[in-house]
Structure formats: C-alpha cells, structure tokens
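So the structure is just underneath, and the comments pick up after that.
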Amino acid sequence: MKLPIVAYGDPVLKKVAAEIGPDYPEINALIDDMFETMYHAQGVGLAAPQIGLSIRLFVIDASPFEEDDAQLKDFKKVFINAVITEENGEKWAFNEGCLSIPDIREDVSRSEKLTIKYQDENWTWHEESYHGLAARVIQHEYDHIEGKLLTDRLSPLRKAMLKNRLEAISKGLVKVDYKMKFPAQRKKR
Ligand code: NI
C-alpha cells in the first residue's frame, strides 16, 4: 500500500524519532509499504517520519546509483534503531534531493565515511562501515530519524534564499507525482 509522504513544514520531520522493539505491530507490512511508497516516488531512501511515524526506521535501495559506485549493486536494506557511532574522512558535497521537499536539490556537505549500528528486519544487530555514496544515502536517511532535513545543513544565506519555495511546498503549491500530506494546506470546503 502506498502511503502519503509528509511535506516540509510538518512538525513530525523535526522530532527525534523513538526506538522500537520486536513488539512493534506489523513491522513487516510497514516495511513493505515504505518500499512501495519509495519506489513509486522514485526515491532511493525513505524514513518513517516521512510517512508520519516518529520511529527509528528507514529503508534504502540505492541500486539506481550502481553505475556510479559498484558497492551499491543490490544495496537494499532496512535500518531499525540505527546509531551512527563514527563519522570520518574528508567532507564532500553532493547534490541531494528529498521526497519531503519536492523540486529542490541542493549541494550538501557530509563526511566521507561512517560506522553504523542497527537492527535489520529480523531484529538482528549489525555494525558496518560505509563510504562514498552508500554513506551519503545513509546519512541523509539517518538525519530524518534525528529530526533533521537537508535544509538544516545549508548555510543561513542559502536557506533564506529558499524560504519562499519552502513555504510554498508546505502549502502544497508544488507539482508532484506522488501522494503527499501538506501541513499548511487550506482545507477544501
Ligand atoms: Ni529525505
């Protein structure tokens, strides 16, 4: 089932998300729905706050980037209760987009490498290290469960320049090919 994606301006996107345990109801159906929603919107990652759930869960399928980076072949993963334990390497800029902020793409600077601890969909813990684009996609989704958006990583000047476009997005004044929930949209009578 495809779920509506929460747009910029919704408070759920600013909250630090909560850990969950194996008692979380119907987690497998939720994960399936998140992948379906992400693929339909042509994203490479989707975090639970983006569908209105403030829980530490995100899904990634970065295989569309395989041509740029061979480590992304079959890079399809579920991250539950993730904690980035280390970030290092040189900072580098990459042009990022976000399904919650349609039509906006911005260069974002992030560290080259990271180590992350997380549980998979079977609640097994892993600790893995990533670099380059794989690290990049993880960092973007991880920010979502920490209540941060790519706009929080821009310079104050750049963010000021985007202010009107961001306000328009929160009001639903944007053309988008997937279902969204806009926080400041006027109710239709
Ligand atoms: Ni995003």
Side-chain angles (χ1 to χ4, degrees), residues 2-18 30-65 68-69 72 75-84 87 91-111 114 116 118 130 132-155 158-159 162-163 165-184:
K2 290 191 281 284
L3 307 164
I5 294 177
V6 169
Y8 181 91
D10 192 307
V12 73
L13 296 175
K14 305 292 286 180
K15 275 169 71 175
V16 178
L30 174 62
I31 289 166
D32 286 350
D33 287 349
M34 285 178 65
F35 273 117
E36 189 183 341
T37 302
M38 180 190 84
Y39 289 130
H40 175 72
Q42 298 191 312
V44 292
L46 184 72
Q50 293 183 277
I51 50 151
L53 293 175
S54 190
I55 58 172
R56 298 184 79 82
L57 161 65
F58 58 87
V59 301
I60 287 176
D61 185 348
S63 49
F65 286 137
D68 305 300
D69 185 339
L72 297 178
F75 189 77
K76 180 177 174 181
K77 275 175 177 289
V78 176
F79 292 81
I80 300 172
N81 297 331
V83 179
I84 290 182
E87 273 188 297
K91 297 248 182 180
W92 65 297
F94 183 76
N95 198 245
E96 295 185 20
C98 179
L99 296 177
S100 293
I101 319 175
D103 273 357
I104 286 187
R105 297 201 66 91
E106 290 292 321
D107 284 344
V108 180
S109 176
R110 299 185 191 270
S111 301
L114 63 81
I116 188 166
Y118 67 95
Y130 292 96
L133 269 180
R136 170 69 54 162
V137 178
I138 290 169
Q139 285 159 328
H140 179 109
E141 298 313 322
Y142 184 78
D143 267 0
H144 277 300
I145 63 168
E146 290 288 303
K148 289 196 196 98
L149 296 172
L150 69 88
T151 44
D152 296 318
R153 303 234 173 235
L154 303 176
S155 70
R158 188 68 205 141
K159 201 170 171 185
L162 290 171
K163 189 168 175 273
R165 287 175 68 198
L166 291 169
E167 272 179 25
I169 289 170
S170 67
K171 289 176 185 158
L173 303 173
V174 63
K175 201 186 159 297
V176 60
D177 294 332
Y178 45 89
K179 216 198 303 171
M180 292 196 82
K181 197 174 145 248
F182 299 102

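Note that ligands are numbered from 1 as they come in the structure, with each ligand's atoms numbered from 1 the same way. Numbers for residues simply follow the sequence, beginning at 1. Excluded from the calculations below are hydrogen atoms, water molecules and symmetry mates; all remaining heavy atoms, backbone and side chain alike, are included.
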task = Using 2.8 Å as the cut-off, note every protein N, O or S atom close to the Ni ion (ligand 1).
result = Cys98 SG, His140 NE2, His144 NE2
query = Who are the salt bridge (charged side-chain N to carboxylate O under 4.0 Å, His left out) partners of Glu146, not counting sequence neighbours?
reply = Arg56
note = Across all chains, not counting sequence neighbours, the side chain to side chain contact (heavy atoms under 4.5 Å, CB included) partners of Asp32 are none
Test item: Glu106 side-chain N/O and Thr151 main-chain N/O as donor-acceptor pair under 3.5 Å = no
message = Tell me whether the rings of Phe79 and Phe58 are parallel (<30°), tilted (30 to 60°) or perpendicular (>60°).
response = parallel
inquiry  = Could you check whether atom CG of Asp68 has more than 12 heavy atoms from other residues, nucleotides or ligands sitting under 6.0 Å from it?
reply    = yes
task = Just jot down the side chain to side chain contact (heavy atoms under 4.5 Å, CB included) partners of Val83, sequence neighbours excluded, or say none.
result = Thr85, Tyr142
